[in-house]
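Residue indices begin at 1 and follow the sequence shown.
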Amino acid sequence: MEVLRTVFGYDSFRGDQAAIIHRVTAGGDAVVLMPTGGGKSLCYQIPAILREGTGVVVSPLIALMQDQVEALEAVGIRAAYLNSSLDLEQARTVERGLLAGDYDLVYLAPERLVQERTLDLLGRTRLALFAIDEAHCVSQWGHDFRKDYLGLSVLADRFPGVPRIALTATATAATHRELTERLALQGAEHFVASFDRPNIQYRITEKNSARQQLLRLIRTEHDGEAGIVYCLSRRRVEQTAAWLRDQGVDAMAYHAGMSEAQRAEGQRRFLREDGVVMVATIAFGMGIDKPDVRFVAHLDLPKSVEGYYQETGRAGRDGLPATAWLAYGLQDVVQLRRMIDESEGSEEHRRVQRAHLDAMLALCETTDCRRVQILRYFGQETGPCGNCDTCLNPPASWDATVPVQKLLSAVVRLDRERGQRFGAQQIIAVLRGTPNERSTRSRHDQLSVWGIGADLSETAWRAVIRQLLARGILAATGEYGTLELAGPAGPILRGEQTVTLRVTPERTAKVARSRTGATGSRSTVAAELGEEDREVFERLRAWRTEQAREQGVPAYVVFPDATLIELARARPSSSAALAEVSGVGAKKLERYGEAVLRVLA
Ligand code: ADP
Ligand code: ZN
């Protein structure tokens with residue numbers, strides 16, 4: 001408690017933090033499942049400070065270790081890292097420091113840790129604990145498997161007296177079981193937090209012109225704020241980033257095909273500068289500790305709910321309002337299904353992937369609260385949240401049995417009478433009786449199904465097909481995504497089963513208004529504040545940018561947004577009052593106190 005206040009400047013623990021810290025400080029093992037932004041770091045940092053010796057943090061994210069160490073040093077904790085980015089001389093210095101007991105915390109990559117040389121070094125070091133971060137990486141069935149993690153069970157044998165704490169934000173029961181076993185944590189106490197992230201607004205919308213929709217989101221709600229835009233392919237990443245830059249958005253690209261140096265530079269800018277939008281494949285983001293990411297947008301459908309939740313979880317770690325926005329369409333469904341069908345590996349593997357995709361589609365097409373669905377997927381029950389698109393703007397549903405019968409018949413007739421199979425576009429042309437080259441050539445206008453669906457627009461038909469694909473009533477196969485009947489199509493055609501579909505409301509605009517309406521602000525953070533406070537906030541932000549630049553550290557290392565907001569509201573006028581503000585610890589008070597008071601005066 002004392003450490004929490006004086007070192008970190010916070011006045012109370014969150015959730016299970018106190019219990020976890022107590023357990024590990026007393027020498028016990030722990031398994032911690034907590035969502036991103038839940039506050040996992042303190043769970044090992046404080047015990048490492050309290051216990052004698054050095055805490056060793058195992059993390060797969062070499063590129064981020066330097067930032068993590070800088071953030072710790074900024075609050076006065078003695079920290080270092082050992083990884084392949086150090087030259088021999090630097091590594092020796094850290095090793096000597098370790099043996100001399102100079103550090104509270106040292107970060108290590110798993111591949112380095114399991115080397116005999118490192119194990120031997122640690123054997124001669126006084127150790128406070130081992131913290132295994134991103135512990136789900138040990139799970140072979142998970143979405144982030146890393147082979148080096150399997151070697152970590154060695155810690156239990158080699159260092160039986162040193163407490164171990166494993167932490168992850170991946171919450172499924174299967175991952176939990178697997179990591180407990182593989183890391184030999186059978187004797188650990190388990191702490192499973194609620195996985196809810198109430199400050200993130202979940203929105204899933206129909207894709208019509210994805211880039212324009214994205215641009216509108218950025219301009220109307222997240223102007224000048226940091227965000228991540230996920231795309232499925234490298235090409236789309238590059239095109240989207242270039243297009244956003246043309247539109248005046250400070251966007252960068254990141255994917256595995258870029259050089260190490262380019263990626264490091266992108267990551268550095270994203271972390272250190274304010275308001276950079278990173279357009280990336282899912283190669284980007286794990287362990288990105290940036291607390292003020294205000295939105296995560298998906299321009300392509302994620303492959304699983306686990307992946308989606310982890311990616312969106314990178315928004316709003318600081319607890320301030322943030323947006324998770326996904327646009328998806330018919331093409332996404334067709335494409336992902338095809339990727340699975342054509343993927344290498346066993347049938348079992350494809351079956352697992354299909355199940356993941358089905359769960360993701362069910363989330364997209366739900367008429368219930370998104371959060372209720374997501375949390376249920378992770379085995380947790382809650383009530384409707386009031387902060388997702390379906391809560392804010394409930395979608396209507398309609399009895400689509402007759403249109404669906406028309407559609408299914410069109411697919412059947414083309415196949416039976418002509419031996420032809422088509423993708424969505426041509427089927428819709430037939431239903432709507434819209435002549436095109438192919439239909440003229442094949443005399444489709446002679447079919448009994450020609451034009452029977454002229455009462456629905458092309459967009460409406462696409463939404464119908466998408467939902468039928470999502471529910472497995474239609475299947476799309478082959479390179480062109482040709483449609484065929486599946487599952488319960490027969491009973492529907494025979495009139496034995498009805499189909500209720502979701503009407504996609506015009507929601508983006510309405511939701512956006514509900515958030516920015518009150519203050520007219522185009523940024524979610526500033527929208528938290530009244531006009532006068534906002535001006536103070538902007539002044540503090542400018543000062544912070546200056547500080548960060550001078551020191552070459554990310555802005556939030558100086559002070560996170562949450563602290564700036566509290567400062568703007570409370571406007572303390574003395575050093576004592578300043579110390580009361582959350583996020584102002586002894587070290588930062590000493591370092592920035594006077595300057596902040598001057599900015600506020
Ligand atoms: P995680 O690793 O679980 O994603 P972090 O440890 O990075 O989360 O914490 C997220 C943010 O919350 C950080 O900015 C951290 O400083 C802050 N935080 C953590 N614990 C507390 C607390 N007890 N009070 C206030 N802020 C906290
Ligand atoms: Zn909801």
(message) Just checking H190 against H176, ring centres under 6.0 Å apart?
(response)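 When the ring centroids of H190 and H176 are compared, they turn out to be within the sub-6.0 Å range.
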(message) Less than 3.5 Å apart, any donor N or O on the side chain of H349 or S343 sitting next to an acceptor on the other?
(response)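 No, no side-chain donor-acceptor contact under 3.5 Å.
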(request) Using distance alone, with no hydrogens and no angle criterion, decide if R211 and Q213 have a side-chain donor and acceptor under 3.5 Å apart. (result)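 Q213 and R211 do not have a side-chain donor-acceptor pair below 3.5 Å.
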(message) Pair Y254, V237 - check side chain to side chain contact (heavy atoms under 4.5 Å, CB included), show working.
(response) CA-CA 7 Å; Y254 186 105; V237 163; 5.8 Å; no
Between [Y] and [X], does any NZ, NE, NH1 or NH2 come within less than 4.0 Å of an OD or OE carboxylate oxygen?
X    : Y    : result
D415 : R413 : no
R236 : D300 : yes
E381 : R376 : yes
E365 : R466 : yes
R337 : D332 : no
D368 : R502 : no
K40  : D133 : no

Is the backbone N or O of [Y] less than 3.5 Å from a side-chain atom of [X], with the two atoms forming a donor-acceptor pair by type?
X    : Y    : value
R371 : P384 : no
Y309 : F195 : yes
S439 : P435 : no
T401 : V499 : yes
R203 : A324 : no

Mark yes when over 12 heavy atoms from residues, nucleotides or ligands other than [X] sit less than 6.0 Å from its [atom1]; otherwise mark no.
X    : atom1 : value
E273 : CD    : yes
I282 : CD1   : no
E260 : CD    : no
E437 : CD    : no
R235 : CZ    : no

Please examine the side chains of [Y] and [X], heavy atoms only from C-beta on, and report whether any two atoms are closer than 4.5 Å.
X    : Y    : value
W450 : V430 : yes
I204 : D389 : yes
E306 : F378 : yes
L485 : L493 : yes
E225 : D292 : no
H298 : T312 : yes
L361 : L301 : yes

(message) Applying side chain to side chain donor-acceptor pair (under 3.5 Å) to E134 and S59, what does each step give before you reach the verdict?
(response) CA-CA 7 Å; E134 313 288 356; S59 157; over 6 Å; no
(request) Walk me through it: do M252 and V277 pass the test side chain to side chain contact (heavy atoms under 4.5 Å, CB included)? (result) CA-CA 6 Å; M252 311 218 24; V277 173; over 6 Å; no
(request) Quick one: sort the H444 and F422 rings into parallel, tilted or perpendicular, breaks at 30° and 60°. (result)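 Answer is perpendicular, since the angle exceeds 60°.
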(message) Classify the ring geometry of F270 against F284: parallel below 30°, tilted from 30° to 60°, perpendicular beyond 60°.
(response)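 Rings of F270 and F284: perpendicular, over 60°.
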(message) Listing request: all side chain to side chain donor-acceptor pair (under 3.5 Å) pairs with a residue in residues 237-248, at least two apart in sequence or in separate chains.
(response)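 As it turns out, the side chain to side chain donor-acceptor pair (under 3.5 Å) pairs with a partner in residues 237-248, which skip direct neighbours, are E238-H255.
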(message) Applying salt bridge (charged side-chain N to carboxylate O under 4.0 Å, His left out) to E458 and R432, what does each step give before you reach the verdict?
(response) CA-CA 8 Å; E458 179 170 346; R432 293 182 33 80; 5.3 Å; no
(request) Considering non-hydrogen atoms only, spot the tightest contact between Y149 and V138 and give its length. (result)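 Y149 and V138 have their closest heavy atoms at O-CG2, 3.7 Å.
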(message) Under the criterion side chain to side chain contact (heavy atoms under 4.5 Å, CB included), I'd like the reasoning laid out for L299 against W325: C-alpha separation, chi angles, the key distance, then a yes or no.
(response) CA-CA 9 Å; L299 286 187; W325 181 87; 4.0 Å; yes
(message) Nearest 0.5 angstrom please: K303 NZ to R354 CZ, how far?
(response)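 Separation between the atoms: 14.0 Å.
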(request) Would you give the length of the straight line joining atom CD1 of I465 to atom CD1 of I473, rounded to the nearest 0.5 angstrom? (result)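 The CD1 atom of I465 sits 12.5 Å away from the CD1 atom of I473.
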(request) Just do the side chain to side chain contact (heavy atoms under 4.5 Å, CB included) check on I428 and L456 with the steps written out, would you? (result) CA-CA 10 Å; I428 294 173; L456 289 187; over 6 Å; no
